[in-house]
Novice: 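Quick one: this structure, given as structure tokens, is what I'll be asking you about.
Computed from a predicted model, the values in this text were never measured in an experiment. Residue numbers start at 1 and run along the sequence shown.
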Amino acid sequence: MVTNCESCSFYLVDEDRYGECQVNLDEDEMYRFMNTSYKSCPYYQSDDEYKIVRKQN
């Protein structure tokens with residue numbers, strides 16, 4: 001599954017319309033992330049705030 005950063009909860013856009021990923025990685029995680037090839041982001045998390053509600057029904 002290919003992910004779209006713009007629909008991720010870690011993707012934030014500032015007032016200048018500049019968006020960036022705000023996932024908090026430590027030094028080891030950042031090294032692995034930068035030196036490994038991925039088909040989709042392993043840190044992607046849907047920004048669908050109604051997802052939990054749908055599971056409760």
Side-chain angles (χ1 to χ4, degrees):
M1 176 176 126
V2 177
T3 57
N4 182 1
C5 289
E6 293 165 354
S7 66
C8 181
S9 62
F10 295 116
Y11 187 78
L12 300 175
V13 180
D14 64 10
E15 56 274 350
D16 296 329
R17 296 185 188 178
Y18 176 75
E20 65 181 358
C21 181
Q22 295 287 318
V23 69
N24 189 11
L25 302 176
D26 67 18
E27 189 175 335
D28 294 330
E29 291 171 325
M30 181 61 86
Y31 178 80
R32 276 193 300 274
F33 181 71
M34 298 301 284
N35 292 302
T36 305
S37 173
Y38 298 102
K39 289 188 178 186
S40 64
C41 180
Y43 302 104
Y44 177 82
Q45 187 175 26
S46 175
D47 194 24
D48 185 4
E49 55 196 39
Y50 296 108
K51 185 176 184 179
I52 294 172
V53 174
R54 283 194 294 270
K55 284 188 176 185
Q56 291 174 351
N57 291 332

Novice: Could you report the tightest heavy-atom contact between Pro42 and Phe33, atom names first, then the distance?
Specialist: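 Minimum heavy-atom contact is CD-CE1, 4.0 Å.
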
Novice: Search all heavy atoms of Val23 against all heavy atoms of Tyr43 and return the closest pair with its distance.
Specialist: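 Scanning both residues completely, I find the closest heavy atoms to be CG2-CB, 4.0 Å.
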
Novice: Do other residues, nucleotides or ligands put more than 12 heavy atoms under 6.0 Å from Tyr38 OH?
Specialist: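 Yes - once you tally the heavy atoms of other residues, nucleotides and ligands closer than 6.0 Å, there are more than 12.
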
Novice: I'd like to know whether CG of Asp26 has more than 12 heavy-atom contacts from other residues, nucleotides or ligands below 6.0 angstrom.
Specialist: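 Yes, CG of Asp26 has more than 12 neighbouring heavy atoms, counting only those of other groups under 6.0 Å.
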
Novice: Roughly how far, to the nearest 0.5 Å, is the CG atom of Asp14 from the CD atom of Glu20?
Specialist: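 Between Glu20 CD and Asp14 CG, I get 7.5 Å after rounding to 0.5 Å.
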
Novice: Where is the tightest heavy-atom contact between Ser46 and Ser9, given as atom of each residue plus distance?
Specialist: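 So the minimum-distance heavy-atom pair works out to O-CB, 4.1 Å.
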
Novice: Main chain of Glu6, side chain of Asn4: is a donor-acceptor contact present, judged purely on distance under 3.5 Å?
Specialist: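 Such a contact is found between Asn4 side chain and Glu6 backbone.
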
Novice: How far does CZ of Phe10 sit from SG of Cys5, to the nearest 0.5 angstrom?
Specialist: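 One finds 11.5 Å between CZ of Phe10 and SG of Cys5.
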
Novice: Looking only at non-hydrogen atoms, find the nearest pair between Gln22 and Leu12 and report the distance.
Specialist: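 Taking Gln22 first and Leu12 second, the nearest heavy atoms are CG-CD1, 3.3 Å.
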
Novice: Work out which heavy atom in Gly19 is nearest to a heavy atom in Tyr11; give both atom names and the distance.
Specialist: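 Looking at all heavy atoms of both residues, the shortest contact is CA-OH, 3.5 Å.
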
